[in-house]
Amino acid sequence: MRYDIVIRNGTIIDGTGQPSVQADVGVRGDRIVAVGSLSGEASQAIDAADHVVAPGFIDVHSHDDFALLDRPLCDFKILQGVTTEVIGNCGFGAAPANDAYRNFLRGFGPLLFGPMGDFSWETTAEFYHALESRPAAVNVACLIPHAAVRYGVLSDEKREPTAQDIERMQALVQEGMDAGAAGMSTGLFYAPGRYAQTEEVIALAKVVAEYNGVYATHMRDEADHLLDSIQETIRIGEESGAGVQISHHKAMGRTNWGKVRDSLALVEQAQARGLDISSDAYPYTAGSTTLAALVQGGVIERAAPSDVLIASTPVQHEYEGKTLEDICQLTGKSLQQTVAELIAGEGESTVAVIFGMDEADVRRVLAHPTTMIGSDGIPSVAGKPHPRLYGTFACVLGKYVRDIQLLTLEEAVHRMTGLPAQKFRLRDRGLICDGSYADLVIFDPQTVADIGTYQEPRRHPPGIHSVIVNGTVTIEQGRHRGTCNGRLLRHDAAGI
Ligand SMILES: [Zn+2]
């Protein structure tokens, strides 16, 4: 048999969680056509001796909704081995978009998404068309953002929807699912999601359930009321019938450390009752969001000033990479005054990194068999974004697999590939087997590492040798070839 690409002598970790095997992988067109000891000729041969060959990683928690169009090379993702991203997380995304939502997002969006381009589409189908007409280097699956649906019907009104409003919101969700969305997400911690009652979310998630889609959520509270939030999330799943994905599962704030034992126990109980429920997590003890959201959520009052670091701020760039404690010392001003000035002076345009999690909790969540890996990376072009944008997958493979052996390599790869492909119904993705799409990463398990820091986060991880997307070598010897061969992955309601 003739192949376009043969990857020889690699250690194959196929994404199922099964033990690795030594084998070659043959690719023709966009598919894997053979796995074994291969003797046929190939247009291109890649020697993977001493390297792992795995399915390309799936970043289930991406905020690259606009970055895919603005910076389609997606170097910060693909250079850590990511070949597919799920966008539309935390209730925010690019479509559907009426004028009210566009105005809202123009104020707040650049902090989460980076540059937003012309942002001219209205329906979900039009946005998907834009993604398809300008392919990125990685594949993309999309969630319908609840904020967009709410703005689509209620504009910026902070009220409960009427029965008729709910029907119109359901119609927007249906339109998105018909266009090929993988599900819907909420951000109940943020406005406008925080104005939604549980019943509103259940009504919308019922539409998602009709398509076998996923309900993903940045929950109402990840701190003092974490367990109430988990209960609400489980109720939404059980009453709507939709599969549930808890986004960036964590317990924020010192007084809540250890609570993930209970939150994970609730997940297990719901799973035992038959709910399809899982989580994602990034492997860091710091989170990141806007400074304004931290103040509104009361987080700042409970955090030590040394635990809050300014990631990006539009004017006073000299504060980037410094903690609030550092800034107070520099300016001689009180904490209250410093925070008030940062928010007043810069509008809502300051992004913070907050060291609010317990390392033991991060490990508990990562070790749990239902946890997938999601970077939650904020693709900003300014300042010092949380290093998870560049390093999430390398950090799991380096620190948590090789260095502290929290997970086996096979298990970690499964959580990055086969498990998310199954959850989000990405047909023929996430596994190395005959007939699968040739999304592949070849990496050195001895050297892969996240080398970014909070002061210098923009560092690509070493050890990622090659990345193949739909049969096209996109990263070769650690270098981006400038190819954009990613696809929009429309949700397959029939399953995989
Ligand atoms: Zn979130």
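For the single chain, residues carry numbers from 1 onward in sequence order. Each ligand, and each atom within it, is numbered from 1 in the order the structure gives.
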Self-check item: SB check Glu320 Lys384 (cutoff 4.0 Å)
Solution: no
Quiz item: Can Arg388 be said to sit on top of Tyr284's aromatic six-ring, NZ or CZ under 6.0 Å from centre and within 45° of the ring axis?
Solution: no
Practice problem: Please list, in chain and residue-number order, the protein N/O/S atoms closer than 2.8 Å to the Zn ion (ligand 1). | Solution: Cys90 SG, His218 ND1, His248 NE2
Self-check item: Criterion ring pair (Phe, Tyr, Trp, His ring centres under 6.0 Å) against Tyr190, the qualifying member of Phe104, Phe92, Tyr195
Solution: Phe92
Quiz item: Regarding His61 and Gln245, is there a side-chain donor-to-acceptor distance under 3.5 Å anywhere?
Solution: no
Practice problem: Determine, for Tyr128 and Arg490, whether the Lys NZ or Arg CZ falls below 6.0 Å from the six-membered ring centre while staying within 45 degrees of the axis. | Solution: no
Practice problem: Among Thr323, Val339, Thr338, find the one that has a side chain to side chain contact (heavy atoms under 4.5 Å, CB included) with Cys328. | Solution: Thr338
